[in-house]
Chemist: 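Input: one structure, supplied below.
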Amino acid sequence: MSSKIAVIGYGVVGSGTVELFEMNKAQIEENIGRQVDLKYILDLKDFPDSPYADRMIKDFNIILNDPEIEVVAEVVGGATFAYNYTKALLESGKSVVTSNKELVARKGAELLKIAREHSCNYLFEASVGGGIPIIRPIYRCLAGNKIEEIAGILNGTTNFILTKMIREQMSFEEALKLAQQNGYAEADPTADVEGIDACRKICILGSLAYGKNIDPDKIHCSGISKITMEDVEYADVAGYVIKLIGVVKDTEDGKISAMVSPRFVDKKHMLSHVDDVYNAICVKGNGVGDTVFYGRGAGKLPTASAVVGDIVDALKHQGTNIGFNWADSDEDILLPRAEEESSVYVRVKGEDAESMKSAFSSMFGKLIFLERAGRPDNELAFITPKMKESEIDANLTILSHTVSIESKIRIL
Ligand code: HSE
């Protein structure tokens, strides 16, 4: 008996999926206990020189209507065609595995329900953390815990850019170009740079951990495009590095707090040592305590590793839904950003730094003033005590009448 699979999308992840599957085909077949063949690769582009040119197709209906196809890897990305394809495939009882975090974050609850109703599976290990196993650990291995907090570096492109800027003084543009050449960045890298990709990922993890859909459009999200070398220097002197961090946790009053933003991370914190394209996700459970999942968060074969793992799992559970699930939710489950409590680094420019110090302290309370080599007289940087974001914003609005607010970065 032999099983047939198909891949939709022959970009970085799709070609990696095909390459890894063919490379390890014999071992995969032994694991599953039957022969498995890649029957189709769907892409609108032509690849006449590809060794798989004989399997390239352009018509989705060939896959949908082929009863031999059991599992389809959707690695095309986006939430329009991918949504229509995925829905139709699941409704016809074919399992779909994906790296498409946008679709999982937006339509996960609906697609998981369709998969359950049709005794097939919608699997998305590759949607968060590239090659890092994190979906099953949260949903399965840590199921005996109440998840208290998930915090992580969830975007390989931005971590690569920040590492190059901080360690090699490379410019933002150069580092981004290199990340694109390495196949880390999204088709439109704005999604990486502005934190949107990390936002989708933290929403997926939060939805899994708390069982309710967390809408990526409803949580605060800021990226790294406004980080300057001055901020990097202040962070360094004060004992921090700057990282783009996603955090999700539940609060005592039953709300969910979720956010993506650049953070000052203490050099003693494990996440401060996660560099280049690597991602790391800290998951805290009330039984297990702290756990950390680490690995390559983007790139062709690391992401393909997770996609092919899901193909194997889907083939092994042909005809049985393995139970991934979260509820769609219209309720107001999120803690408003104004209610979040943070300590923040602020950098301002004004008249004379020394004269600003006492006025600022009387507004915020006890401030930690920071130094850097060559700090101009008209620049002041400080870290506030932990306080409600609404209070911080109100104070900064008042300050903005007399000084220019150059940066505001939360402390992890
Ligand atoms: N663009 C994403 C990243 C790819 O850089 O992390 C992996 O999801």
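Keep in mind that this is a model prediction, so the values were computed, not measured. Residue numbers count from 1 along this sequence. Each ligand, and each atom within it, is numbered from 1 in the order the structure gives.
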Chemist: Check this for me - ligand 1, Glu186, N or O atoms closer than 3.5 angstrom, yes or no?
Modeler: yes
Chemist: Between Glu406 and Lys349, is there a donor-acceptor pair closer than 3.5 Å when you use the side chain of the first and the backbone of the second?
Modeler: no
Chemist: If the cut-off is 4.0 Å to any non-hydrogen atom of Tyr184, which atoms of ligand 1 fall inside it?
Modeler: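 Selected atoms, number and element: 1 (N), 2 (C), 3 (C), 4 (C), 5 (O).
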Chemist: Among protein heavy atoms, which lies nearest atom 8 (O) of ligand 1, and at what distance?
Modeler: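 Heavy-atom neighbour on the protein nearest atom 8 (O) of ligand 1: Lys101 NZ, 2.6 Å.
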Chemist: Looking only at distance, does Asn279 have an N or O less than 3.5 Å from an N or O of ligand 1?
Modeler: no
Chemist: Which of the numbered atoms in ligand 1 are under 4.0 angstrom from any heavy atom belonging to Asp192?
Modeler: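 In order of number, 1 (N), 2 (C), 3 (C), 5 (O).
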Chemist: Tell me, which pairs form a ring pair (Phe, Tyr, Trp, His ring centres under 6.0 Å) where one or both residues lie in residues 125-150, sequence neighbours left out?
Modeler: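 Qualifying pairs, neighbours excluded: Tyr139-Phe324.
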Chemist: Between the side chain of Lys101 and the main-chain N/O of Phe124, is any donor-acceptor distance below 3.5 Å?
Modeler: no
Chemist: For Asp197, which part has a heavy atom under 4.0 Å from ligand 1: side chain, backbone, both, or neither?
Modeler: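 Side chain only; the backbone of Asp197 stays clear of ligand 1.
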Chemist: Run through Val72, Asn121, Asn321 and flag the one making a side-chain contact (heavy atoms from CB on, under 4.5 Å) with Ser95.
Modeler: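 One option only clears the test, and that one is Asn121.
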Chemist: Who's closest to atom 7 (C) of ligand 1 heavy-atom-wise, of Gly297, Gly156, Pro302?
Modeler: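 Result: the heavy atom closest to atom 7 (C) of ligand 1 is in Gly297.
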Chemist: Atoms of ligand 1 less than 4.0 Å from Ala298 heavy atoms?
Modeler: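 Every atom of ligand 1 under 4.0 Å from some heavy atom of Ala298: 3 (C), 4 (C), 5 (O), 6 (O), 7 (C).
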Chemist: Give the residue and atom name of whichever protein heavy atom lies nearest to atom 5 (O) of ligand 1, and the separation in Å to one decimal.
Modeler: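 Checked against all protein heavy atoms, atom 5 (O) of ligand 1 sits closest to Thr157 OG1, 2.6 Å.
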Chemist: Hydrogens and angles aside, do Ser342 and Glu340 bring a side-chain donor and acceptor to less than 3.5 Å of each other?
Modeler: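 No.
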Chemist: Could Lys4 and Asp66 be called an ion pair, given the rule that one side-chain N must be under 4.0 Å from one carboxylate O?
Modeler: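 No, this pair does not count.
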Chemist: For the residue pair Phe264 and Tyr240, categorise the inter-ring angle as parallel (less than 30°), tilted (30 to 60°) or perpendicular (more than 60°).
Modeler: tilted
Chemist: Compare all side-chain heavy atoms of Leu154 with those of Leu205 and state whether any distance is below 4.5 angstrom.
Modeler: yes
Chemist: Below a 4.0 angstrom heavy-atom separation, can you tell me which part of Asn155, side chain or backbone, both or neither, approaches ligand 1?
Modeler: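 It is both backbone and side chain that touch ligand 1.
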Chemist: Check ligand 1 against Lys201 and write out every atom of the ligand that is under 4.0 Å from a heavy-atom position of the residue.
Modeler: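 Near Lys201, meaning under 4.0 Å from one of its heavy atoms, ligand 1 has 2 (C), 3 (C), 6 (O), 7 (C), 8 (O).
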